[in-house]
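Values below: every heavy atom of this structure, side chains too, minus hydrogens, waters and symmetry copies. One-based numbering, in listed order, for ligands and for the atoms of each.
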Amino acid sequence: MPEPIRVIVTGAAGQIAYSLIYQLAKGDVFGADQPLYLHLLDIPPMMGVLEGVVMEITDCALPLVKGVVATADLAVAFKDVDAAFMVGSMPRKQGMERKDLLSANVKIFKEQGEALDKYAKKTVKVLVVGNPANTNALMCAKYAPSIPKKNFSAMTRLDHNRAQAALAQKLGVGVADVQNVIIWGNHSSTQFPDVAHASVLINGSKKSVSDAINDKDYLQGDFVKMVQTRGAAVIAARKMSSAMSAAKAAGDHMKDWWFGTAPGQHVSMAVISDGSYGVAADIMFSFPVSIKPGGEYQIVQGLPVSDFARKMLDITAEELLEEKKDALSLCQD
Ligand SMILES: NC(=O)C1=CN([C@@H]2O[C@H](COP(=O)(O)OP(=O)(O)OC[C@H]3O[C@@H](n4cnc5c(N)ncnc54)[C@H](O)[C@@H]3O)[C@@H](O)[C@H]2O)C=CC1
Ligand SMILES: O=C([O-])CC(=O)C(=O)O
């Protein structure tokens, strides 16, 4: 058996964590033979609830769990962690955009960036889930200068999974038969879900999704809108934001980052922009990435960008630049 790793979940008494912790504890993310210590962080008023979560983890009798550290103390929570799921923050309510959460949430990611910098392993892989996720991740990285920026990411995998599942339904195939959809940009209603490079396996032969659906108006219209607004639709129906699907996406994101993507496949991750595809540098922008075994991601290069895609990329990058400006000023207060 490998040495145990240390994995932190912030917001551990909340909704997403409730689904996520079980996936981590039973080996779905880091592997069925990888023991781990779970570090669970929440705020002091939630310590009673968190105690209940710890009881349930114990009662699951899962052999991979070597110990649980439940705390509101950042120094204890972030000590020597190998992987960080940064969930803890306020969710939006009906009628809000995710960026409306910036003033409530960004300072959490500043403070926890500082804690990662002080206490975590320098190789830690950080996934920011709390909204607005891209800009929170940017600030988290900024305040953890001793950790490479490439170790920080934000979650657009839920959008990616939504797009993949919707296309599979439309085409009447299994989800695994649809590959290489791309979410570009912000985890917000300006994101661009792009099928131009996606493929589908139909009756054993591989086709482009665009050819298989053969309805440009749908692919550039209703499909894009549906993925952009799916989070709001779930809130309208459930009166609470997506949690089970968000936890599944967080697990998928980290699993691919930890183990690598299959040859020829790419997934969507918001990572620090290096200027690829004419996107402004130094914003957390969702790109197609391929990941080597062992966890080094690369932004997939050289994909053709249509005029329509160019317009969509520019809109979402512009929003991220505005969020960055607001976040920097909030963090200086
Ligand atoms: N990137 C994505 O695709 C998605 C992001 N989200 C976001 O994830 C976040 C969490 O959502 P839920 O789990 O549903 O919310 P929740 O309200 O059920 O749980 C959040 C937890 O975070 C805790 N928390 C608040 N401030 C904290 C701090 N400073 N340190 C540690 N813990 C803190 C709260 O006490 C609470 O237990 C929200 O911002 C939500 O918008 C949700 C779905 C998808
Ligand atoms: O929409 C929200 O506020 C929660 C979220 O990020 C999502 O479901 O994609």
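Ranking the protein heavy atoms by distance from atom 28 (C) of ligand 1 puts I43 CG2, 3.5 Å first. In this structure, atom 6 (N) of ligand 1 lies nearest to the protein heavy atom N131 ND2, 3.4 Å. Nearest protein heavy-atom neighbour of atom 21 (C) of ligand 1: G11 CA, 3.6 Å. With hydrogens left out, the protein atom closest to atom 5 (C) of ligand 1 is V129 O, 2.9 Å, a heavy atom. For atom 18 (O) of ligand 1, the closest heavy atom belonging to the protein is Q15 N, 2.8 Å. For atom 20 (C) of ligand 1, the closest non-hydrogen atom of the protein is S89 O, 3.4 Å.
Taking each of P91, G14, S241 in turn, the one with a heavy atom nearest to atom 15 (O) of ligand 1 proves to be P91. The closest non-hydrogen atom to atom 12 (P) of ligand 1, taken over I108, L41, V128, I16, comes from I16.
Atom numbering of ligand 1 starts at 1 in the shown order; those under 4.0 Å from a heavy atom of M155 are 1 (N), 2 (C), 3 (O). Using a 4.0 Å cut-off to heavy atoms of A246, the atoms of ligand 1 that qualify are 43 (C), 44 (C). In summary, the atoms of ligand 1 found under 4.0 Å from a heavy atom of Q112, numbered by their order in the structure, are 28 (C), 29 (N), 30 (N), 31 (C). Proximity to L158 (heavy-atom distance under 4.0 Å) selects the following atoms of ligand 1: 3 (O), 44 (C).
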Taking a 3.5 Å cut-off between nitrogen or oxygen atoms, can you list every pair linking ligand 2 to the protein, with distances?
residue	atom	partner	partner atom	Å
ligand 2	1 (O)	R92	NE	3.2
ligand 2	1 (O)	R92	NH2	2.7
ligand 2	1 (O)	R98	NE	3.3
ligand 2	1 (O)	R98	NH2	3.0
ligand 2	3 (O)	R92	NE	2.5
ligand 2	6 (O)	R98	NE	2.8
ligand 2	6 (O)	N131	ND2	2.9
ligand 2	6 (O)	H187	NE2	2.6
ligand 2	8 (O)	R162	NH2	2.7
ligand 2	8 (O)	S242	OG	2.9
ligand 2	9 (O)	R98	NH2	3.0
ligand 2	9 (O)	R162	NH1	2.9
ligand 2	9 (O)	R162	NH2	3.3
ligand 2	9 (O)	H187	NE2	3.2

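Aromatic pair Y297/F287: centroids not less than 6.0 angstrom apart.
The shortest separation from a heavy atom of A243 to ligand 1 is not under 4.0 Å, leaving the residue out of contact. Heavy atoms of D42 approach ligand 1 to within less than 4.0 angstrom.
Counting only heavy atoms from C-beta outward, the side chains of L38 and L36 approach each other to under 4.5 Å. Using a 4.5 Å cut-off on side-chain heavy atoms (C-beta onward), D194 and V181 make no contact. Counting heavy atoms from C-beta outward, H39 and T10 have side chains that stay 4.5 Å or more apart.
Looking only at atom types and distance, the side chain of T190 has a donor-acceptor partner in the side chain of S188 under 3.5 Å away.
Geometrically, ligand 1 and M90 share a nitrogen or oxygen pair separated by less than 3.5 Å.
Residues satisfying the side chain to side chain donor-acceptor pair (under 3.5 Å) test with N105, not counting sequence neighbours, are none.
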